[in-house]
Each structure stands twice: as C-alpha cells, then as structure tokens.
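To keep things clear, I will list the structure first and then write my remarks on it.
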Amino acid sequence: MIKTRGYAAHDATSPLVPFEFERRDPGPRDVHIEILFCGICHSDLHQARNDWHGSLYPMVPGHEIVGRVAAVGSQVKKFKVGDLAGVGCMIDSCRTCAPCSRDLEQYCVEGATWTYNDHERGSERLAFGGYSDHIVVEERFVVRVPANLDLRAVAPLLCAGITTYSPLMHWKVGKGQRVGVIGLGGLGHMGIKFAHALGAHVVAITTSPGKSADAHRLGADEVLISRDEAAMAAQARSFQFLLNTVPNGHDLNPYAALLDVDGTMVLVGALTELMPPLRGSSVIGGRKSIAGSGIGGMRETQEMLDFCGAHSIVADIEMVSASGINAAYERMLRNDVKYRFVIDAATLKE
Ligand code: NAP
Ligand code: ZN
Ligand code: ZN
C-alpha cells in the first residue's frame with residue numbers, strides 16, 4: 001500500500017483538514033502518479049458541502065490532477081516512470097456499454113466512477129481525489145500531458161478545460177459565429193480561450209464589470225454586462241451559441257433572449273433546479289435549443305490537452321498551499337478567483 005497525505009472534508013460544514021490514507025499498490029494496468037498540482041473546481045466545493053446531496057465522507061476532493069509517473073504495472077503501454085500524466089473527473093467506467101464504446105465514458109450507462117465522492121469500481125472502498133500526494137489509476141483513465149506547458153496551469157485543463165472544450169467541439173463552434181461565454185470563472189475563462197482559438201467572435205457575458213479588461217486579455221472581442229438590461233436588449237437574437245457556466249440555479253430567460261434563430265445555449269454549470277422556470281416562448285420563438293454537456297470522454301480529454309500543447313493554452317492560476325484550501329473556497333464563493341486556484345502538492349508535507 002502507498003502511504004498518502006491528503007486534505008479531507010469530514011462533513012458538509014467543517015473545514016477540510018489533513019488526512020492520511022493508503023492507495024492500492026499498482027496492478028498490471030495501473031499507473032501510480034506522484035501528484036504535483038491539483039486545481040480547485042467549484043464542483044469540489046459543491047460536493048464537500050453536500051450541495052448536490054448524498055456526499056460520501058471522508059471526502060478528499062480534487063479532479064484536476066497532474067503529476068509524474070512513479071510506477072507502472074506490467075501491462076501498461078502508454079506510460080513509463082518519469083512521464084508527466086494527468087487525471088480528471090473519472091477513474092473508471094464499465095467500458096462496454098454504448099456510450100463507453102463511443103469514448104463517452106462520462107455518460108456510461110452504469111455510471112462512470114468519479115475520481116472522488118464515489119466508491120472504487122466494484123468495491124466498498126471510497127475513491128479519494130487529487131488533494132493528495134499520490135494516486136493510482138488504470139491507464140485508460142490517465143492522459144498524457146504536453147511537456148511544453150506550465151504544469152501548474154495545466155492542472156485546471158483536466159476539468160475546466162475539457163468541460164468547455166467538449167461542447168465547443170460538439171456544436172462545431174468556429175469562424176463566423178458570435179459565441180457568448182456566460183460566467184467568467186474557472187470554466188468560463190477557459191471557454192473564452194478555446195472559443196477564441198477556434199476563431200469565433202467571442203463575447204464574455206459577466207455579472208462583474210471589473211473583469212472586462214481580463215476578458216479582453218483572455219480573448220474576448222466584447223464584454224456584455226448581464227445585469228445591464230439595456231445592453232442585454234441591444235444584443236438580443238445575436239448569438240449562434242452560448243456556453244453557460246453559472247454555478248447555481250438562475251433565470252435562463254434573459255440569456256435565451258440573446259440567441260439567434262436556431263441558436264443553442266449549452267448548460268455546463270448549474271446541476272440543480274433552474275429558477276424561475278424557463279418560459280416556452282423563450283425558445284419557441286426562434287427555434288432555439290437549450291442543451292447540456294458533462295466534462296468529456298478520455299479520448300477527447302487527450303485531444304484537448306494536445307490542442308492546448310499546440311496552441312500554448314493553459315489556465316490563469318493562483319497557487320495555494322494545502323492549508324489555504326478553505327480560504328480558497330471562501331474566495332471562490334465571493335467570486336474572487338482569477339481564474340483557478342491550484343494546490344501545490346508539495347505543501348501537503350508541511
Ligand atoms: P467559478 O470559478 O466559481 O465560476 C463561476 C462564475 O459564474 C463566477 O466567476 C461568476 O462569473 C459567475 N456567477 C457566479 N454566480 C452567478 C450568478 N448567481 N449569476 C450569474 N453568474 C454567476 O466556478 P467554475 O469552477 O467555473 O464552475 C462553474 C460550475 O460548473 C459549477 O457549478 C461546477 O460545479 C460546474 N461544473 C460542471 C461541469 C460539467 O461537467 N458540466 C464540470 C465542472 C464544473 P462573473 O463574475 O463573470 O459573472
Ligand atoms: Zn470540476
Ligand atoms: Zn459504460
């Protein structure tokens with residue numbers, strides 16, 4: 001067994017505290033990764049605080065993991081000791097159902113095995129995530145990390161990156177389209193970078209006028225303040241695509257009004273009820289679509305990382321020590337993050 005240091009939540013209301021546990025020794029198809037950095041996703045906070053109900057404790061959150069391979073099982077082909085490697089939101093799935101066969105493991109019919117807040121597949125053992133210094137994952141769920149990028153800023157690509165890249169690819173966003181990214185946080189800032197790299201005309205749609213300069217630096221062509229009703233009205237029916245990263249239930253109607261005929265708004269942020277309800281007229285007039293998208297499959301996650309390597313795309317980050325995780329959560333709730341906190345795993349030893 002591999003002695004591992006981490007940080008864990010023990011219930012929905014207490015701060016995360018140091019937590020020691022053991023990882024399994026790598027089996028024939030496993031990769032043992034010494035974790036170097038792990039991003040802090042808003043989903044970590046939602047789950048640590050039981051926002052989505054049914055959280056399993058103790059919980060070691062973290063699904064934006066990068067590190068160096070420390071050992072590989074005898075049948076591992078893609079990795080050798082010393083390679084860089086990444087792990088995202090999933091560590092397993094059934095591998096045989098229709099979605100798994102289409103490289104959409106996140107939509108596995110049996111349910112994917114999540115990196116934390118889940119049980120290891122076919123076991124009673126809790127799965128512990130990336131706020132820790134070691135992890136052991138089967139090769140299929142480990143991705144290669146381009147060597148030319150700042151590794152600390154690569155970590156957030158494993159969730160914020162793939163969650164925004166995947167819908168932009170699926171809905172074929174590109175040149176000649178007006179694309180709005182709603183919410184300028186961890187996901188949203190990556191959405192702006194990807195949509196810009198794909199050649200779209202990008203509008204950052206934000207509640208925070210103070211983020212305008214950043215939005216332009218990240219690649220937005222325009223900034224639209226969503227609380228400014230006149231500005232919203234002026235942009236009605238002008239977008240072919242909207243990527244909505246708002247983390248909580250909110251009013252979709254004003255955003256749907258921004259869509260052009262046949263436009264699509266894809267929800268990636270809010271997993272809970274959306275209130276007030278969506279009016280039918282918000283989508284009927286204009287044949288508009290409202291859709292959703294969850295992370296991305298392992299093949300596409302690798303494709304996204306290779307795209308980032310080729311286009312020198314990484315997240316904008318602020319480093320925190322393990323003891324700073326709780327303060328980082330509070331700042332994320334105050335909308336005070338530019339644009340992703342990343343934990344330096346070396347500080348777990350302090
Ligand atoms: P984040 O860093 O906290 O960013 C969220 C942003 O949304 C904020 O920076 C803010 O941007 C905006 N916002 C916050 N509250 C708002 C409100 N009430 N109304 C309008 N805008 C608001 O969070 P994140 O890490 O990007 O995650 C966003 C959500 O995506 C979370 O709920 C997370 O659980 C979810 N998620 C989903 C997936 C998936 O697979 N679909 C994957 C990862 C995360 P402005 O200041 O610009 O308004
Ligand atoms: Zn996440
Ligand atoms: Zn499956």
Side-chain angles (χ1 to χ4, degrees), residues 39 41 43 63-64 86-90 93 98-108 112 140-146 149 153-205 218-221 239-246 255 258-260 262-271 288-315 339-340:
C41 178
S43 302
H63 57 207
E64 294 184 336
V87 176
C89 301
M90 300 179 281
S93 73
C100 282
S101 307
R102 293 173 56 207
D103 294 306
L104 296 170
E105 299 94 339
Q106 75 274 33
Y107 306 131
C108 176
R140 174 170 174 158
F141 291 84
V142 183
V143 284
R144 301 186 65 87
V145 172
L149 303 175
V154 167
L157 302 177
L158 275 300
C159 175
I162 184 61
T163 303
T164 50
Y165 178 86
S166 181
L168 294 173
M169 299 309 286
H170 181 76
W171 276 272
K172 300 186 170 50
V173 162
K175 283 195 177 53
Q177 293 180 339
R178 272 174 71 79
V179 170
V181 178
I182 306 169
L184 192 33
L187 267 54
H189 95 290
M190 290 310 309
I192 291 174
K193 290 188 188 208
F194 284 133
H196 174 73
L198 292 168
H201 181 93
V202 184
V203 181
I205 304 175
L218 294 165
D221 299 285
F239 288 88
Q240 281 77 52
F241 186 85
L242 293 170
L243 184 66
N244 183 334
T245 77
V246 177
Y255 298 116
L258 296 174
L259 289 172
D260 193 5
D262 288 332
T264 299
M265 169 159 51
V266 175
L267 307 181
V268 292
L271 276 76
K288 299 170 183 180
S289 301
I290 297 198
S293 183
I295 50 171
M298 296 315 301
R299 187 191 51 73
E300 193 173 42
T301 304
Q302 185 64 65
E303 178 191 304
M304 178 275 308
L305 282 169
D306 296 344
F307 181 90
C308 288
H311 292 83
S312 297
I313 292 175
V314 288
Y339 280 91
R340 198 55 135 189

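Just so it is clear, the structure is predicted and the values come from calculations on it, not from any experiment.
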Might you work through the side-chain contact (heavy atoms from CB on, under 4.5 Å) test for Ser43 and His63, ending with a clear yes or no? CA-CA 9 Å; Ser43 302; His63 57 207; 4.0 Å; yes

Rounded distance [0.5 Å steps], [atom1] in [X] versus [atom2] in [Y]:
X      : Y      : atom1 : atom2 : result
Ile295 : Ile162 : CD1   : CD1   : 8.0 Å
Leu218 : His189 : CG    : NE2   : 6.5 Å
Gln240 : Lys172 : CD    : NZ    : 15.5 Å
Ser289 : Phe241 : OG    : CZ    : 10.5 Å
Thr264 : Leu243 : OG1   : CG    : 11.5 Å
Met304 : Met190 : CE    : CE    : 7.5 Å

[X] and [Y]: which non-hydrogen atoms are nearest, and at how many Å?
X      : Y      : result
Pro167 : Val266 : CB-CG1, 4.0 Å
Gln106 : Gly294 : NE2-O, 3.2 Å
Cys41  : Cys159 : SG-SG, 4.0 Å
Met169 : Glu303 : CE-OE2, 4.1 Å
Val202 : Gly219 : CB-O, 4.1 Å
Val87  : Leu158 : O-CG, 3.5 Å

What I'd like to find out is whether the side chain of [X] reaches to under 4.5 Å of the side chain of [Y], using heavy atoms alone.
X      : Y      : result
Ser93  : Phe141 : yes
Ile205 : Leu258 : yes
Met90  : Met298 : yes
Val203 : Arg178 : yes
Tyr165 : Leu157 : no
Leu187 : Arg340 : yes
Val179 : Phe194 : no
Glu105 : Arg140 : yes

Audit row: Leu267, Tyr255, side-chain contact (heavy atoms from CB on, under 4.5 Å) steps and yes/no: CA-CA 11 Å; Leu267 307 181; Tyr255 298 116; over 6 Å; no

Output yes when a side-chain donor or acceptor of His170 lies under 3.5 Å from a complementary backbone atom of Ser166, and no otherwise.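 Not at all, since once roles are kept as given, no pair shorter than 3.5 Å links the two residues.
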
Gln177 side-chain N/O to Gly174 backbone N/O, donor-acceptor pair under 3.5 Å: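 Here the side-chain-to-backbone pair exists.
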
For side-chain contact (heavy atoms from CB on, under 4.5 Å), just list the numbers for Leu305 and Val154, CA-CA rounded to whole Å, side-chain angles, deciding distance to a tenth of an Å, and then say yes or no. CA-CA 8 Å; Leu305 282 169; Val154 167; 4.1 Å; yes

